[in-house]
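Have a look at the structure below, then the notes.
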Amino acid sequence: MQQTLSIIKPDAIEKNLIGKILSRFEENNLKVIAAKMLHLTKEKAQKFYEVHKDKPFYNDLVESITSGPVLVSILYGEDAIQKNRKIMGATDPQKADKGTIRKDFATNIDRNAVHGSDSVENAKIEVSFFFKENEIFIR
């Protein structure tokens with residue numbers, strides 16, 4: 001069983017898609033074991049995306065994630081990281097498979113609706129970035 005971080009980004013929240021996106025996870029046997037809505041500061045977003053700071057899309061990432069509130073959650077289940085990535089679809093919605101969150105709800109590569117951890121190591125780092133242990137409820 002694994003935990004993975006999921007972020008519903010401002011563009012999806014603006015379109016009122018929280019329930020539709022969360023139901024996709026739950027329908028695929030991923031449990032939401034922690035969740036909070038917040039508005040990331042530029043500084044917090046820069047720290048979160050620090051791994052990408054030398055890439056040309058870094059500033060666009062920071063700008064996009066700070067453009068409105070986000071819903072940050074922890075998904076829990078068997079093979080949660082890979083399952084979540086499959087449900088989300090490719091980063092570029094134009095390349096995402098039919099029926100994935102990004103294909104169905106994203107606007108473009110910059111406004112791609114969701115974020116999910118890409119490895120066990122990053123999941124641990126990202127979960128602890130947003131959540132304290134007493135905020136996580138594994139059932």
Side-chain angles (χ1 to χ4, degrees):
M1 300 297 268
Q2 291 177 330
Q3 294 180 14
T4 189
L5 187 82
S6 172
I7 301 176
I8 300 177
K9 294 181 178 181
D11 56 292
I13 290 178
E14 186 180 300
K15 295 178 189 173
N16 204 29
L17 296 171
I18 293 171
K20 288 180 181 179
I21 291 172
L22 289 178
S23 69
R24 299 248 181 137
F25 301 137
E26 291 180 335
E27 289 164 3
N28 284 279
N29 297 315
L30 293 174
K31 293 182 179 185
V32 177
I33 60 169
K36 60 174 90 169
M37 186 173 258
L38 47 100
H39 197 141
L40 291 174
T41 63
K42 183 177 181 179
E43 294 75 24
K44 188 144 179 145
Q46 287 171 328
K47 187 168 173 68
F48 181 72
Y49 284 128
E50 193 169 38
V51 65
H52 300 299
K53 72 179 175 191
D54 295 327
K55 298 187 178 145
F57 55 83
Y58 173 73
N59 289 329
D60 291 336
L61 271 178
V62 171
E63 186 177 321
S64 176
I65 200 83
T66 59
S67 67
V70 296
L71 182 75
V72 183
S73 62
I74 302 172
L75 305 176
Y76 178 78
E78 190 172 329
D79 201 25
I81 296 163
Q82 280 311 111
K83 192 178 283 188
N84 179 38
R85 296 194 65 74
K86 185 174 182 181
I87 295 164
M88 288 189 309
T91 303
D92 182 348
Q94 299 298 322
K95 298 177 182 173
D97 291 339
K98 194 173 189 176
T100 62
I101 291 169
R102 288 179 172 144
K103 185 66 164 186
D104 293 346
F105 303 130
T107 306
N108 57 46
I109 199 163
D110 295 322
R111 295 174 53 87
N112 65 2
V114 287
H115 165 87
S117 303
D118 63 0
S119 67
V120 172
E121 299 78 26
N122 283 340
K124 288 178 184 174
I125 292 166
E126 292 180 353
V127 163
S128 66
F129 186 85
F130 287 105
F131 294 95
K132 298 176 186 134
E133 258 188 63
N134 68 348
E135 296 175 312
I136 302 170
F137 302 94
I138 298 174
R139 24 187 196 314

Just how far is it from atom [atom1] of [X] to atom [atom2] of [Y], taken to the nearest 0.5 Å?
X: L61; Y: H52; atom1: CG; atom2: NE2; value: 6.0 Å
X: S23; Y: I18; atom1: OG; atom2: CD1; value: 12.0 Å
X: Q82; Y: S119; atom1: CD; atom2: OG; value: 9.5 Å
X: I81; Y: T4; atom1: CD1; atom2: OG1; value: 5.0 Å
X: D118; Y: R85; atom1: CG; atom2: CZ; value: 5.0 Å
X: N59; Y: E63; atom1: CG; atom2: CD; value: 8.0 Å

**Asked** Hey, what's the ring geometry for H115 with Y49, parallel, tilted or perpendicular (30° and 60° as the breaks)?
**Response**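 Geometry flag for Y49 against H115: perpendicular rings.
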
When you measure from the side chain of [X] to the backbone N and O of [Y], does any donor-acceptor pair fall under 3.5 Å?
X: K15; Y: F105; value: yes
X: D92; Y: Q94; value: yes
X: R111; Y: S64; value: no
X: K83; Y: N28; value: yes
X: D11; Y: A113; value: yes

ILVMFWY network linking [X] to [Y], side-chain heavy atoms under 4.5 angstrom:
X: L17; Y: I109; result: no
X: I136; Y: L38; result: yes
X: I33; Y: I125; result: no
X: V51; Y: V62; result: no

Please report the shortest heavy-atom distance between [X] and [Y], naming the atom on each side.
X: V72; Y: V70; value: CG2-CG2, 3.8 Å
X: E135; Y: A34; value: O-CB, 3.3 Å
X: T66; Y: T41; value: CG2-O, 3.6 Å
X: I8; Y: I13; value: O-CD1, 3.6 Å
X: A123; Y: Q3; value: CB-O, 3.5 Å
X: M37; Y: L71; value: N-CD1, 4.0 Å

**Request:** Tell me, yes or no, whether the heavy-atom count around K55 atom NZ, taken from other residues, nucleotides or ligands under 6.0 Å, exceeds 12.
**Result:**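 Enclosed.
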
**Prompt:** Does atom NZ of K124 have more than 12 heavy-atom neighbours from other groups under 6.0 Å away?
**Reply:**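 At most 12 heavy atoms, drawn from other residues, nucleotides or ligands, come within 6.0 Å of this atom.
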
Report yes if some heavy atom in the side chain of [X] is under 4.5 Å from a heavy atom in the side chain of [Y]; otherwise report no.
X: I7; Y: I65; answer: yes
X: I138; Y: Y76; answer: yes
X: K103; Y: D97; answer: no

**Message:** Could you walk me through whether V32 and L75 satisfy the side chain to side chain contact (heavy atoms under 4.5 Å, CB included) test, starting with their C-alpha distance in whole Å, then the side-chain angles of each, then the deciding distance to 0.1 Å, before giving a yes or no?
**Reply:** CA-CA 5 Å; V32 177; L75 305 176; 3.9 Å; yes

**Prompt:** Please walk me through it: do D79 and Q2 pass side chain to side chain contact (heavy atoms under 4.5 Å, CB included)?
**Reply:** CA-CA 6 Å; D79 201 25; Q2 291 177 330; 3.9 Å; yes

**Request:** May I ask you to establish whether K36 and F131 are in a cation-pi arrangement, using a distance under 6.0 Å from NZ or CZ to the six-membered ring centre and at most 45° from the ring axis?
**Result:**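 The answer is yes; both the distance and angle limits are met.
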
**Request:** Report yes or no: is the cationic atom of K31 (NZ for Lys, CZ for Arg) under 6.0 Å from the centre of the six-membered ring of F137, at an angle within 45° of the ring normal?
**Result:**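 No, K31 does not lie over the aromatic ring of F137.
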
**Prompt:** Would N29 and E78 count as a side chain to side chain contact (heavy atoms under 4.5 Å, CB included) if you check the C-alpha gap in whole Å, the side-chain angles of each, and the deciding distance to 0.1 Å?
**Reply:** CA-CA 8 Å; N29 297 315; E78 190 172 329; over 6 Å; no

**Prompt:** Ion pair present between D104 and R24, side-chain N to carboxylate O less than 4.0 angstrom?
**Reply:**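 The answer is yes: the pair qualifies as a salt bridge.
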
**Request:** Any chance you could lay out the side chain to side chain contact (heavy atoms under 4.5 Å, CB included) test for L5 and F130, step after step, and finish with the verdict?
**Result:** CA-CA 9 Å; L5 187 82; F130 287 105; 3.8 Å; yes

